Each structure stands twice: as C-alpha cells, then as structure tokens.
Amino acid sequence: MNSEIIQIEGLHKRYPKAKREALQGVNLTIQTGEFFGLLGPNGCGKTTLISILCGLINSSRGYMNILGHPVPQEIKTVNQKIGLVPQELAIYPTLTFEENLRFFARLYGLSGTQMKQRIKECIACACLEEFANKPIKSYSGGMKRRANLVISLLHQPQFLILDEPTVNVDPQSRNVIFEVLKELNNQGTTILYTTHYLEEAQQMCSRVAIMDHGKIIEEDTPDNLIRQQPGCSDLGEVFLHLTGHHLRDAS
Amino acid sequence: MPFIAPIIKELLLLLRDRVGLIILFLLPLCLVIFITVTQPDALNHTQKLSVLIVNQAKTPYSKAIVKAIKKLDGLKVTNKRYKLSATRRDVAQGKYQAALFIPYNFNKKNTITIYLDPTVPDAIKGQLELTSKYLTQTIQVKAASQRMGRTLIKPTTIKSQYITIGGNFARPNVVQENVPAWSLFGMFFVVIPLAGMMVRERELGVLQRLKIAPISNFSLSLGRVIAFIILNQLQLWVMLSAGLFILPLFGLPTLDLSGHVWQVLIIGVFASLAAIGFGSLVGSLTRTYEQAAFIGPFIIVILAAIGGILVPTYMMPTVMQPISEFSPLHWAHQSFIEILVRHATLEDIRYYLLALFSFFIGTFLLSLWIQNRRSI
C-alpha cells in the first residue's frame with residue numbers, strides 16, 4: 001500500500017528583490033516507491049523547489065512534510081534519509097573516486113567494514129572499478145556523472161532527488177544511470193527526477209508533474225497526460241502544448 | 001584594422017569585471033600608501049630613539065650631562081626618578097629603547113651605564129656610546145675650567161649593556177630577528193589554499209552536498225581549521241629548520257631556540273589560528289578563486305607592512321606606530337620577539353596571544369555567519 005513520502009501544500013517562495021514569486025502556491029504529493037518526474041521550462045521553479053525540499057533555502061510560506069517529518073523544522077532528520085544528485089558535478093576533482101566516496105561515507109557516519117562494503121558496492125554500481133583510484137579530474141564527462149550519482153547513494157537514501165543527472169552524458173553512461181535508477185526504484189527507493197530530456201521522463205517515470213511560472217500546471221502518468229492532450233503523441237508534445245513554444249530565457 | 005575588435009572586446013571584459021578592476025587599482029594603491037608610510041624616513045622625519053634618563057646623583061656635573069643629552073636631536077628623552085631595578089625592567093620590557101643610568105655614587109665611581117633594549121641595532125648602540133663620551137668629555141673640560149670639582153678631571157666611563165627580561169644579555173643576531181618574522185609572513189599565506197578551497201567547494205557544487213549531509217557547518221569549518229593548523233605548524237618548523245640548519249651553511253649564526261621550543265610552538269598555534277580565521281573570512285567574502293588568491297595575499301602584505309615585519313615598528317613614523325597595534329602579524333611577531341629576543345615568559349605575551357585568539361574567534365564566527373546567510 002502506498003503512503004505519502006512528500007506532501008506539499010501552498011508552497012511560496014519569493015527571492016529578495018525579485019519582482020514575482022519563484023513558487024506561487026505549489027501543491028504536490030509523491031507516494032512511496034514512485035519514480036516521479038518534475039518537468040518544466042527554464043526558470044519555472046524546479047531548482048527552487050528542490051532546494052527547499054533539501055533545506056538548502058527556506059520557503060516564504062506553505063506546508064511541507066517529507067518522510068513523515070515537517071520541514072524545515074525537522075530537516076536534519078530528513079536529510080539523513082534523502083540523497084541529492086546536484087546538477088553540478090559536486091565532487092572533489094583532485095581526489096580519487098574512492099577518496100571522494102570515503103569522505104562522504106564518513107560524513108554519513110559509515111565506518112569500518114560497513115564503509116568498505118558500501119564503497120565497493122558504489123564503485124561497482126558506477127562501473128568504475130578500474131578507475132576508482134584515479135583522480136576525478138582525469139575522468140570523461142560520463143564517468144564524472146556516474147560518480148556524481150553514486151556518491152549520493154552511499155547512505156542508501158529512502159528518497160533520491162536528481163537534478164538533471166544526464167546532462168552532457170554519452171548514451172552508454174546514460175544507460176548505466178538509467179539501469180541504476182530502475183534498480184533502486186525496484187528496491188523501493190522513491191525518486192524525484194528533473195530533466196529536460198522528455199523522452200527520458202516518458203520512459204522512466206511512473207508519474208510526472210509539469211511546472212510553469214512557479215506552479216504545477218498538470219500532474220499525472222505520462223500515458224494519461226498524452227491521452228488527455230488532443231493531437232499529442234508523446235510527452236514532448238504535451239510539454240510544448242502546455243507551456244507554449246515561446247523561448248524561456250532565464251538568467 | 002584587425003586588432004580593433006580584440007581591443008574593444010578586452011576593454012569591455014575588463015569593464016564588466018568590477019572586482020577585477022578594484023583589485024587592479026585599489027589594492028596596489030593601498031600597497032603603495034602603506035609600504036611608503038611605514039618606511040623610516042617617511043613623512044619627512046626620522047624616528048627618535050626613546051631614552052630614559054635616571055639621574056640619581058643629582059650633582060652639578062650629572063645635571064649638566066642630562067641637560068646636554070636633552071638638547072640632542074634624534075632622542076626622545078624621559079626623566080624618571082627610578083631605582084636601578086625599575087630602570088632595567090622598563091628597558092627589558094621594551095618601554096624604552098635605552099636608559100642612561102647615573103647612580104648615587106657617580107661622584108665616586110664616575111661611571112654611567114647605558115642599558116639597551118635588544119632590538120636596538122649595534123650601530124645605534126655605538127652612536128649612543130660615542131655621543132655620551134663626547135658630551136661628558138666636553139662638559140668635563142668646561143667644568144674643569146670653571147673649577148666645578150677636582151674629581152671630574154678623570155674621564156667618565158661609559159658602559160653599555162643589552163638587557164632582557166630573562167636576564168640573558170646576548171644581542172640578537174639577524175637570524176634570530178628575521179627567521180621568525182618571515183616565517184610568520186609565510187604562515188599567513190595559508191589564506192591562498194584555504195580561501196581558494198572554500199570558493200572551489202561553492203563553484204563545484206560540493207557545498208550543496210555538504211549542506212544536506214548530517215554535519216554542521218561548524219564541524220566542517222572546525223575540521224578545516226585543524227587541518228590547516230597542522231599544515232601551518234609543519235610550515236613554521238620547516239622555516240625554523242632553515243634557521244637551524246641551512247642558514248649556518250652560509251656562515252650565518254644558528255637560530256637559537258634553546259629553552260623556548262614550547263613557547264614557539266604555542267605562538268605558532270595562536271598565529272596559525274589568526275591566519276586561518278582570516279583565510280576563512282576571505283573565503284567566505286570572495287566569489288571566485290582569482291579574487292581569493294589575489295585579495296588575501298595583498299591584505300597580508302599590508303598587514304605585514306603595518307605590523308612591523310617589513311620595517312621594525314620602532315623605526316616607523318610616529319603616526320604609523322599605533323596603527324601597527326591593529327595587525328595580527330604584529331601581535332604574533334611581537335610574541336616571537338618577546339620570547340626569542342627578550343627571553344620573556346608566556347605570561348609576558350599573554351595579551352598578544354589573547355589578541356590573536358580574539359582575532360581568530362571574530363573572523364571565524366563572521367565567516368560562519370556569512371556562510372550560513374549565503375544561499376548556495
């Protein structure tokens with residue numbers, strides 16, 4: 001039976017000196033075990049929403065409950081159970097992959113045999129056994145992305161947030177990333193996935209929400225969304241139909 | 001002309017980089033001002049030697065000597081009715097650079113002693129001795145002609161003596177003075193890797209991971225402080241080793257740390273804390289690695305200039321001397337001078353250590369506050 005892992009009601013965010021709100025009353029519910037896609041054009045508020053979910057920034061008002069804990073009040077408890085794969089390659093380039101893993105493992109309280117075991121599993125998960133002792137800066141783009149992903153899995157989070165994890169990734173690495181995410185989801189990890197590659201979202205996500213101008217404008221399974229929009233045959237067409245064809249340049 | 005477009009492009013890029021322009025114009029300007037005004041002959045006046053005169057004898061002859069000395073240029077004379085112990089104490093503590101002591105039994109012994117602070121160079125000591133000899137002889141000749149007394153026919157003996165808190169009278173050598181000073185200067189350059197690393201963590205996005213990890217910003221920063229203290233201590237002892245083992249190979253004296261190793265270690269830790277606090281603040285305030293790598297060292301050079309590393313504080317113009325009290329490099333440098341040159345104890349340098357620690361606490365907490373306020 002599904003239970004709510006995330007419950008957001010009337011979430012608002014206004015940045016200092018901003019003319020309009022970045023989030024204008026977002027309501028969202030994600031069930032345990034879902035592979036949830038958060039889609040939207042540039043500047044629609046996706047990254048703001050993710051940052052608030054992780055406690056990196058505070059909302060202006062609204063209610064949020066993650067894994068049964070009110071946020072931001074109990075964000076520290078929540079953060080031990082969630083994993084974030086940032087859009088940037090958030091790893092130390094001059095350290096080896098294994099040294100990066102060891103550092104973050106220690107931050108999450110892993111030690112001894114348990115730490116060694118998890119590091120070994122993560123290296124295998126990223127298919128980087130041969131390169132684990134080489135500095136990250138010597139890796140290709142795809143290798144770096146895989147490393148960036150598995151570091152967030154070290155503490156086996158119940159809820160994983162991925163902010164465009166496949167940007168500039170070669171097809172082989174993208175395939176590895178998809179396999180890892182599918183496997184995690186099958187094992188019960190709830191996933192919140194943002195991407196601009198809509199075919200990815202259609203293929204991977206059990207449910208998606210489309211955001212625009214700080215609001216969620218549509219939310220359903222990819223198949224239902226395609227069926228509901230007349231003349232649309234894939235998620236990409238649905239997206240353009242709902243958000244329009246005009247450019248969304250944001251800085 | 002094909003080079004016009006690149007010229008316009010470069011100028012536009014420069015104009016867009018406001019911080020870069022500030023670095024290019026404002027910081028060198030500060031450097032020019034601070035380095036120049038701290039030079040000994042800056043502002044058209046040379047520094048006067050602060051001299052304490054204690055005339056216990058109060059004879060016509062001793063009064064004439066005091067009167068003549070007071071007329072000399074280049075001396076800032078203070079008269080005190082001191083005992084010998086108080087005279088020695090004030091010089092040893094650096095309150096005066098020299099003291100001219102005319103004892104009660106001057107009529108009988110006919111000897112004047114000049115006590116000197118160990119930081120006073122040998123050349124100035126020699127000048128002081130010569131001038132005193134010349135003055136006493138001139139007065140004696142005049143006095144003899146006026147029949148001020150038969151005892152004054154014999155020339156007055158001028159004795160001089162360096163004096164320190166610890167009672168060791170050895171004059172410090174160039175190694176003893178320079179090695180700790182420049183070691184400190186080097187230690188403060190820890191700002192480059194420290195601030196640079198903090199900026200890189202922000203640029204790379206690692207800070208996002210760190211912020212959601214179950215560790216407080218305080219713990220992360222404390223870990224950084226401890227790592228850099230270790231690095232700084234290694235750095236200090238490598239530089240001190242140069243004074244112990246390498247400089248003697250060039251015919252220079254060996255750095256003398258005898259009996260002061262623990263004090264040097266403690267000063268090193270406190271200086272390191274101040275340097276790390278400053279580095280953390282620079283890392284929190286700057287937005288790019290280039291800014292951090294340029295602004296940090298620039299400020300250190302200025303702090304070193306006003307702090308008496310480049311030019312000893314007592315040789316600076318009078319207006320600059322109180323300003324040097326505001327430099328953490330001055331506090332650390334003075335601690336080393338007190339211990340290694342004046343042979344003082346840790347108790348004697350407690351206020352310098354307290355100042356260094358307070359500087360660390362202030363800069364460290366400010367840096368944490370800025371980091372907590374700043375969104376990713």
Side-chain angles (χ1 to χ4, degrees), chain A residues 13 15-16 18 22 47-48 50-59 66 71-72 74-95 100-101 103-110 136-137 144 147-149 151-155 157 159-161 163-164 167, chain B residues 12-13 15-19 190-228 230-231 279-280 283-290 292-293 367-376:
Chain A
K13 173 68 185 176
Y15 288 104
T47 302
T48 300
I50 287 176
S51 299
I52 293 172
L53 284 175
C54 300
L56 293 170
I57 56 171
N58 288 324
S59 62
I66 304 174
V71 172
E74 295 179 20
I75 189 68
K76 285 190 177 172
T77 314
V78 171
N79 277 346
Q80 291 186 14
K81 298 175 183 176
I82 67 171
L84 170 69
V85 182
Q87 205 176 111
E88 295 92 356
L89 293 164
I91 28 186
Y92 292 99
T94 50
L95 300 186
N100 269 287
L101 284 166
F103 168 65
F104 286 105
R106 284 195 182 114
L107 288 192
Y108 280 93
L110 300 178
I136 295 283
K137 66 179 179 185
K144 283 177 185 165
N148 196 39
L149 167 67
I151 284 176
S152 307
L153 308 179
L154 267 166
H155 60 296
F159 178 44
L160 184 64
I161 302 169
D163 195 1
E164 300 186 32
V167 173
Chain B
L12 278 174
L13 287 175
L15 284 171
R16 298 279 187 276
D17 183 9
R18 286 182 197 165
V19 177
V190 80
V191 66
I192 301 173
L194 197 160
M197 235 177 251
M198 288 172 70
V199 172
R200 282 266 190 269
E201 276 183 349
R202 277 206 301 275
E203 284 178 345
L204 289 166
V206 176
L207 202 57
Q208 284 191 29
R209 265 194 213 285
L210 296 176
K211 282 217 169 186
I212 68 159
I215 185 167
S216 66
N217 193 20
F218 179 79
S219 301
L220 279 171
S221 302
L222 191 65
R224 186 180 295 128
V225 168
I226 293 167
F228 275 92
I230 295 168
L231 177 82
S280 300
S284 303
L285 288 170
T286 49
R287 294 196 173 270
T288 65
Y289 181 84
E290 289 72 21
S367 145
L368 283 180
W369 181 72
I370 293 166
Q371 287 169 45
N372 286 335
R373 262 185 58 126
R374 176 178 275 179
S375 58
I376 298 292

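Throughout, a chain's letter reflects where its sequence line sits, starting with A, and its residues are numbered from 1. Treat the numbers as computed from the prediction; the structure is a model and nothing was measured.
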Donor-acceptor contact present, side-chain B:Arg202 to main-chain B:Gly283, <3.5 Å: yes

Contact class of A:Ile75 relative to chain B, heavy atoms under 4.5 angstrom: neither

A:Leu89, part contacting chain B, at a heavy-atom distance under 4.5 Å: backbone

Most contacts with chain B, counted as non-hydrogen pairs under 4.5 angstrom, among A:Ile82, A:Val78, A:Leu84, A:Thr77: A:Leu84

Contacts of type side-chain contact (heavy atoms from CB on, under 4.5 Å), residue B:Ile370, not counting sequence neighbours: B:Leu281, B:Ser284, B:Leu285, B:Leu366

A:Asn58 portion near chain B, given a 4.5 angstrom heavy-atom threshold: neither

Interface residue of largest heavy-atom contact number with chain A, from B:Leu210, B:Ile215, B:Ile212, under 4.5 Å: B:Ile212

Side-chain touch B:Pro214/A:His155, heavy atoms, less than 4.5 angstrom: no

Parallel, tilted or perpendicular: ring planes of A:Tyr92 versus A:Phe103, cut at 30 and 60 degrees: perpendicular

Contacting moiety of B:Leu204, where chain A heavy atoms sit under 4.5 Å: both

Residue pair A:Phe104 / B:Val206, side-chain heavy-atom distance below 4.5 Å: yes

